[in-house]
Amino acid sequence: MNARNVAGMAALIGVGLPAWAADAPERGGVVMQAMRDELARSVEALQMDRLEKPYFLSYRIDDVTSTQAVANFGALADKSSTRNRFLSIEVRVGSPDLDNTNFMPSRVSGSPATRTLTLPLDDDYRELRRQLWLNTDAAYKYALETIAKKRAALENRSREELPDFVPAEPHLSFADAAALRPPVEPVAELVRTLSRVFRDFPGVQASQTRASHVYRRSYYVNSEGTAFTQARPAVFIEALAKTQADDGTVLQDFEWFHARRLEDLPPVAVLVESVRGMATTLSARRDAPFVDRYSGPVLFEGQAAAELFAQVLAPKLLAVRVPVAEDDRMEGFTASLRNPFQDKIGARVLPRGFSVHDDPTLDSYAGAPLFGGYPIDDDGIPAAPTALVENGVLKGLLATRNPIAGIAGSTGNRRMMGIPLPSNVLVTTSRGMSDEELAEEFKLLIEERGNDYGVVVRRLANPMAKLDRSDAARTPRGEVAVDRLTRAYKVYPDGREEAIRKAELSGVSESDFRDIVATTETTTNYTLGFVPIITYSLAVTTAQYGTAATQPAMSIAVPDLLFEELTLRKPVGNVPLPPVATHPFFD
């Protein structure tokens with residue numbers, strides 16, 4: 001660490017900015033220099049009347065260049081290349097023991113935490129300073145208003161004896177990579193090619209193939225002396241398809257592909273075959289029977305195992321602080337935000353032999369890429385691995401600088417709107433079987449139950465991967481929300497398989513994971529956008545003002561999972577009538 005970095009590490013709250021600022025032109029250029037200068041001025045001069053000054057202030061700017069293309073059945077529907085700069089400010093007033101965060105106002109709509117603040121694209125120092133000044137002023141006034149409401153609410157109720165903010169060592173990291181402008185035409189041609197596959201399938205009523213190539217460059221500085229820049233490209237392709245059975249039942253499926261750059265994607269022929277396989281499976285489901293009700297062994301393979309873990313167990317791995325409610329009407333809601341796993345640290349949540357780690361420092365695992373990693377989180381905390389479960393016992397939760405009982409410090413997982421999110425989640429077991437051994441164990445369980453067949457699930461729907469968002473599992477109150485089984489099969493003792501048109505899990509919960517009876521030795525790496533339902537609710541309890549509106553990726557490496565007993569049911573509800581005329585491509 002050079003002399004300037006040492007000076008930066010020694011910077012104290014409210015005593016100006018560290019010496020690295022002298023190198024601002026080389027370390028973030030004009031953007032970082034404008035942030036540094038306005039931050040220094042605000043730390044020194046920001047005070048309204050005799051009200052308190054901020055004790056913590058941070059700026060984050062995300063410069064995002066994005067190329068997108070959309071195609072339907074081989075016809076290009078949209079093609080664009082955009083660039084935006086997003087600003088996020090964090091202003092804390094009061095003290096680390098009690099500040100303007102961890103508070104749920106009675107009116108949450110239009111919260112500044114979810115507001116999009118944009119900045120000019122030109123590296124115009126004066127205009128950047130002016131925009132920072134005006135938005136900082138608004139954020140400071142909002143912080144003062146919030147802490148006044150919080151203090152009033154606490155006059156009539158108690159709060160957890162926990163600080164609202166924990167200290168962190170200043171950190172400096174500058175990765176000033178050259179700006180990347182993703183190409184448009186290769187992206188457009190790729191979606192044309194992939195979407196053209198659906199022309200071969202008369203049963204597919206609607207499809208959409210979308211590709212995006214995003215380059216995000218982030219700048220961050222805070223009043224403690226932390227400053228960083230980082231940049232990482234990302235490519236995402238999704239192919240969505242929808243059909244209806246003769247009785248009107250809506251059936252959907254999808255394929256996702258992730259990469260850092262276009263050249264890192266699999267060959268086009270491989271992508272085409274993946275999409276073709278999805279369309280073939282979807283079309284075949286139109287004639288498959290339902291299963292009215294089934295209880296017995298269920299085997300989740302590949303994507304289905306990873307998606308099940310993401311939807312049921314991953315949200316329980318987050319350290320969620322229950323905020324102070326402004327009034328009695330909000331207390332019931334804030335209580336519902338409490339994570340039950342907070343009380344299970346030290347208790348068994350998975351079978352013996354299972355371990356779960358979150359590791360944002362990895363780019364690959366078991367020879368396959370991971371895309372949830374990052375060098376520094378949104379608090380400026382360097383990325384590091386975190387042990388969550390060891391030998392089936394819960395050891396910790398993913399946290400930010402917002403502490404909860406039993407977890408006093410950050411794990412470096414603040415990633416969106418001020419809350420913790422997973423990065424690369426690795427699920428391992430010391431009791432893995434070969435595919436053949438697992439198949440034999442599955443067969444034995446079927447025979448023990450006296451069932452005619454068992455069920456294997458190879459695709460679980462994702463709420464964000466749908467053309468028809470109304471086609472979602474209707475989960476009764478108290479049950480964990482798990483989406484529908486889109487590729488499920490009856491498996492008979494002789495090895496014969498029969499597709500199930502559509503099914504839902506009934507009564508599944510995180511406690512079912514303790515009853516996993518067998519797993520494979522090998523794992524499947526699966527990447528998805530992970531935004532828990534509570535994200536936007538918790539965003540209003542932070543000090544964040546403005547958001548870059550990103551959807552962080554999470555990668556999961558998980559083995560196949562065999563459950564001894566789960567219950568499946570036929571989806572309920574009305575179904576829309578199918579189209580009167582046939583598909584015009586095949587008339």
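Everything numeric here is computed off the predicted structure, so don't read it as measured data.
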Throw together a table of side-chain donor-acceptor distances under 3.5 angstrom for residues 232-240, partners on residues two or more places apart or in other chains.
residue : atom : partner : partner atom : Å
R232    : NH1  : G373    : O            : 2.9
R232    : NH2  : D363    : OD1          : 2.9
E238    : OE1  : W256    : NE1          : 3.3

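- Salt bridge D63/R217: absent, no basic N to carboxylate O contact under 4.0 Å.
- No donor-acceptor pair closer than 3.5 Å links the side chain of E326 to the backbone N or O of A152.
- Contact of the S106 side chain with the R329 side chain is registered, since non-hydrogen atoms from C-beta on lie closer than 4.5 Å.
- Counting only distance, with no hydrogens or angles, the side chain of S555 and the backbone of F371 share a donor-acceptor pair below 3.5 Å.
- Put simply, the side chain of M554 reaches to within 4.5 Å of the side chain of V425, judged on heavy atoms.
- Between Q342 and R321, every side-chain heavy-atom pair lies at or beyond the 4.5 Å cut-off.
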Pair N402, T400 - check side chain to side chain donor-acceptor pair (under 3.5 Å), show working. CA-CA 5 Å; N402 179 20; T400 66; 4.9 Å; no
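- Expressed to the nearest 0.5 Å, how far CG of N135 lies from CG of L117 amounts to 5.0 Å.
- Summarising the geometry, atom OG1 belonging to T527 is positioned 5.0 Å from atom NE2 belonging to H258; distances are rounded to the nearest 0.5 Å.
- The distance from atom OG1 of T136 to atom CG of L46, rounded to the nearest 0.5 Å, is 7.0 Å.
- Side-chain atoms of Q47 come within 3.5 Å of backbone atoms of L51 as a donor-acceptor pair (strictly under, hydrogens ignored).
- Residues T226 and L172 have side chains not in contact (no heavy-atom distance under 4.5 Å, counting atoms from C-beta outward).
- In this structure a side-chain-to-backbone donor-acceptor pair under 3.5 Å is present from Y140 to M48.
- Ion pairing between E155 and R151 fails under the 4.0 Å rule for side-chain N and carboxylate O.
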For N525 and Y365: C-alpha separation, side-chain torsions, deciding distance, then whether side chain to side chain donor-acceptor pair (under 3.5 Å) applies. CA-CA 8 Å; N525 287 13; Y365 178 75; over 6 Å; no
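- Looking at P120 and L128, their side chains come closer than 4.5 Å, going by heavy atoms from C-beta outward.
- S218 and R60 are linked by a side-chain donor-acceptor pair at a separation below 3.5 angstrom, with hydrogens and angles left out of the test.
- The main-chain N or O of I381 is never found under 3.5 Å from a side-chain atom of D379 such that the two would form a donor-acceptor pair.
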Evaluate D78 against Q68 for side chain to side chain donor-acceptor pair (under 3.5 Å), listing each step before the verdict. CA-CA 8 Å; D78 182 58; Q68 297 190 63; over 6 Å; no
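- Within the 3.5 Å criterion, the main-chain N or O of N413 finds a donor-acceptor partner in the side chain of D377.
- Screening D124, D123, D62 for a salt bridge (charged side-chain N to carboxylate O under 4.0 Å, His left out) involving R85 leaves a single residue, D123.
- A donor and an acceptor atom, one from each side chain of E307 and N462, are located under 3.5 Å apart.
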I would like to know whether D468 and Q252 meet side-chain contact (heavy atoms from CB on, under 4.5 Å); could you show each step before the answer? CA-CA 8 Å; D468 186 347; Q252 301 190 79; 3.6 Å; yes
Kindly indicate, with the supporting measurements, whether the criterion side-chain contact (heavy atoms from CB on, under 4.5 Å) is fulfilled by L397 and K316. CA-CA 8 Å; L397 301 173; K316 303 298 187 292; over 6 Å; no
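- Aromatic pair F228/F174: centroids not less than 6.0 angstrom apart.
- Contact detail for S509 and V312: the closest heavy-atom pair is C-CG1, 3.9 Å.
- Formation of a donor-acceptor pair under 3.5 Å by the T535 side chain with backbone atoms of V531 is not found in this model.
- A 6.0 Å sphere centred on CZ of R126 holds no more than 12 heavy atoms belonging to other residues, nucleotides or ligands.
- The side-chain heavy atoms of D164 and K150, taken from C-beta on, include a pair separated by under 4.5 Å.
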Checking L134 against R130 for the side-chain contact (heavy atoms from CB on, under 4.5 Å) test, could you report, in this order, the C-alpha distance in whole Å, the side-chain angles of both residues, the deciding distance, and whether it holds? CA-CA 6 Å; L134 287 175; R130 187 185 73 85; 3.5 Å; yes
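- For the pair T411 (side chain) and A399 (backbone), a donor-acceptor distance under 3.5 Å is present.
- The CG atom of D37 sits 10.5 Å away from atom OG of S42, with the distance rounded to the nearest 0.5 Å.
- Rounding to the nearest 0.5 Å places CG of L132 at 6.5 Å from CD1 of I89.
- Distance OG/S223 to CG/L57: 5.5 Å, rounded to 0.5 Å.
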Run the side chain to side chain donor-acceptor pair (under 3.5 Å) test on S95 and D97 for me, step by step, so that the C-alpha distance in whole Å, both residues' side-chain angles and the decisive distance to 0.1 Å come before the verdict. CA-CA 5 Å; S95 71; D97 286 334; 4.8 Å; no
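- Residues H357 and P385 fail the side-chain proximity criterion, which asks for heavy atoms closer than 4.5 Å.
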Does the pair Y59 and Y220 meet the rule for a ring-ring contact (aromatic ring centres under 6.0 Å, His included), with working shown? CA-CA 6 Å; Y59 293 141; Y220 178 89; 9.4 Å; no
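- With hydrogens and angles left out, the side-chain atoms of E90 and Y545 include no donor and acceptor closer than 3.5 Å.
- Between the side chain of D358 and the backbone N or O of S423, at least one donor-acceptor pair lies under 3.5 Å.
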Step-by-step side-chain contact (heavy atoms from CB on, under 4.5 Å) determination, V324 to N102: CA-CA 6 Å; V324 174; N102 300 313; 5.8 Å; no
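- The backbone N or O of V166 sits less than 3.5 Å from a side-chain atom of R401, completing a donor-acceptor pair.
- At a threshold of 4.5 Å between non-hydrogen side-chain atoms, the residues L318 and P422 count as touching.
- A cation-pi arrangement is absent between R415 and Y374, since the terminal nitrogen or guanidinium carbon is not both under 6.0 Å from the aromatic centre and inside a 45° cone about the axis.
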